[in-house]
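Report on one structure; see the data block that follows.
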Protein chains: 2
Amino acid sequence: MPNSSPALDEVDHHLLGLLQRDSGRTLRELGDIVALSPSAVKRRIDRYRKHGVIARQVTLLDPIHLPTVLLAVCLVTLERESSRHQQAFRKRLLDATEVQQIYDVSGDWDYVVVLACSGMPHHTEVAHRLFNEAPNVRRYTTLFVLDPVRTSGALPTRAPNT
Amino acid sequence: MPNSSPALDEVDHHLLGLLQRDSGRTLRELGDIVALSPSAVKRRIDRYRKHGVIARQVTLLDPIHLPTVLLAVCLVTLERESSRHQQAFRKRLLDATEVQQIYDVSGDWDYVVVLACSGMPHHTEVAHRLFNEAPNVRRYTTLFVLDPVRTSGALPTRAPNT
DNA sequence: TCTGAAAGTTTTCATCC
DNA sequence: GGATGAAAACTTTCAGA
């Protein structure tokens with residue numbers, strides 16, 4: 001069970017926004033921006049980590065500079081929504097390194113899955129394994145990414161007018 | 001125009017994989033893993049940056065710990081694919097902070113757009129502004145995210161069997 | 001291009017407010 | 001919670017191979 005996070009104040013929202021856009025700044029730079037000492041900034045960041053608000057820090061690569069990368073958005077509907085089958089389907093996806101994103105959604109489809117493969121043969125193999133061979137996929141369609149216009153963004157840490 | 005990247009060797013693939021999963025390691029830790037001195041690791045990372053392979057370093061938040069966040073995947077088809085209208089549509093999306101991801105895709109839809117809003121009223125307002133008020137959106141559908149099973153992943157830096 | 005060491009910064013931590 | 005300052009750790013740079 002995740003820790004219930006204490007309320008975030010203005011400085012927290014500011015810091016989390018800064019960190020989501022660029023995690024390369026030093027504690028001093030962050031402190032200068034939010035008017036706090038480096039150690040005060042550190043204590044806050046340590047708290048976000050402890051409470052799980054911060055999941056992790058990563059380096060994002062530019063797909064444009066990796067010409068072999070073939071991104072695809074797959075829309076999937078399962079045969080039955082029994083918990084057991086859902087779990088099996090999810091596990092299969094989570095175990096595949098090619099699966100960039102998985103969203104369990106409501107609406108016309110059950111899942112949105114973003115695949116990052118190295119070329120079409122790789123994609124075909126992965127899609128076949130994940131979707132055709134799965135016992136409970138009713139239907140799926142693949143939208144190949146022609147241009148990854150934006151591939152990551154920040155999450156809002158609070159309500160819009162707060 | 002982006003620099004054409006020189007070929008990546010084994011160590012490069014290894015390093016880029018490590019950095020994509022966790023950018024918090026020190027040069028020494030990375031060096032221990034790939035059997036290189038800290039300065040050799042640094043020279044390589046500097047090179048990735050210079051060539052644009054590394055886009056940026058960011059902190060990822062856990063949507064589960066931001067209970068107000070409402071994620072949605074929107075599928076959009078435009079009225080006409082004229083370059084001018086495409087550009088206007090893209091600019092609108094790129095200017096909106098709520099737009100997490102934008103994929104220009106082939107297939108049943110023209111664009112896949114991931115929105116991160118703070119609650120349903122916010123989402124409704126954003127979707128209305130981006131899709132209903134746009135002059136060239138023929139149709140769109142919204143898949144609300146019930147569970148963000150996985151929200152980020154690494155890109156493959158090379159072909160699968162290389 | 002690597003290593004290893006020196007110089008410069010940043011992070012960490014103990015202490016006090 | 002926050003500030004400060006000193007110690008530890010890390011990054012950066014550069015000479016030498």
Side-chain angles (χ1 to χ4, degrees), chain A residues 2-62 65-66 154-159 162, chain B residues 2-62 65-68 154 157-159 162:
Chain A
N3 273 312
S4 70
S5 326
L8 301 170
D9 66 15
E10 279 309 305
V11 174
D12 291 321
H13 292 300
H14 197 170
L15 277 177
L16 287 168
L18 291 167
L19 292 169
Q20 286 193 89
R21 271 175 266 133
D22 175 8
S23 65
R25 274 182 274 242
T26 65
L27 297 174
R28 185 148 111 70
E29 287 174 311
L30 292 169
D32 287 347
I33 296 170
V34 303
L36 233 47
S37 70
S39 34
V41 172
K42 180 177 192 295
R43 187 165 336 115
R44 283 175 186 253
I45 295 177
D46 288 345
R47 188 157 52 84
Y48 310 147
R49 254 190 256 283
K50 183 179 139 209
H51 292 328
V53 178
I54 287 184
R56 58 211 180 99
Q57 304 207 138
V58 298
T59 300
L60 301 180
L61 305 191
D62 185 349
H65 283 78
L66 299 169
L155 295 173
T157 57
R158 59 170 160 187
T162 309
Chain B
N3 272 310
S4 69
S5 326
L8 301 170
D9 66 15
E10 279 310 305
V11 174
D12 291 322
H13 292 301
H14 197 170
L15 277 176
L16 287 168
L18 291 166
L19 292 169
Q20 287 193 86
R21 272 175 265 133
D22 176 7
S23 66
R25 274 182 274 242
T26 65
L27 296 173
R28 185 148 112 69
E29 288 173 310
L30 292 169
D32 287 347
I33 296 171
V34 302
L36 233 45
S37 70
S39 29
V41 173
K42 180 180 190 296
R43 185 156 358 97
R44 285 174 186 252
I45 294 178
D46 288 345
R47 188 156 52 84
Y48 310 148
R49 254 189 256 283
K50 183 179 140 209
H51 293 326
V53 178
I54 287 183
R56 58 209 182 101
Q57 303 207 139
V58 298
T59 300
L60 301 180
L61 305 191
D62 185 349
H65 283 79
L66 299 168
T68 63
T157 57
R158 59 169 160 189
T162 309

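Order of the sequence lines fixes the chain letters, A, B, ..., with proteins taken first and strands second; residue numbering starts at 1 for each chain.
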Filtered N/O pairs between nucleotides 10-17 of chain D and protein, under 3.5 Å:
residue: dT11(D); atom: OP2; partner: L27(B); partner atom: N; Å: 2.9

Notebook entry, point to check: Do I45(A) and L27(A) come close enough that some side-chain heavy atom pair is under 4.5 Å?
Noted result: yes

Next item on the list: Please name the pair of heavy atoms, one in R158(B) and one in E10(B), separated by the smallest distance, quoted to 0.1 Å.
Entry: NH1-OE2, 2.9 Å

Check: Name the one of L16(B), L18(B), D12(B) that satisfies side chain to side chain contact (heavy atoms under 4.5 Å, CB included) with H14(B)?
Finding: L18(B)

Next item on the list: List the steps and the verdict of side chain to side chain contact (heavy atoms under 4.5 Å, CB included) for L36(A) and R44(A).
Entry: CA-CA 10 Å; L36(A) 233 47; R44(A) 283 175 186 253; 3.5 Å; yes

Check: How close do S23(A) and V58(B) get, heavy atom to heavy atom, and via which atoms?
Finding: OG-N, 3.3 Å

Next item on the list: Just call it for R47(B): base, sugar-phosphate, or nothing, with non-hydrogen atoms closer than 4.0 Å on any strand.
Entry: nothing

Item checked: Atom-pair distance (CG on D32(A); P on dT10(C)), nearest Å -> 10 Å

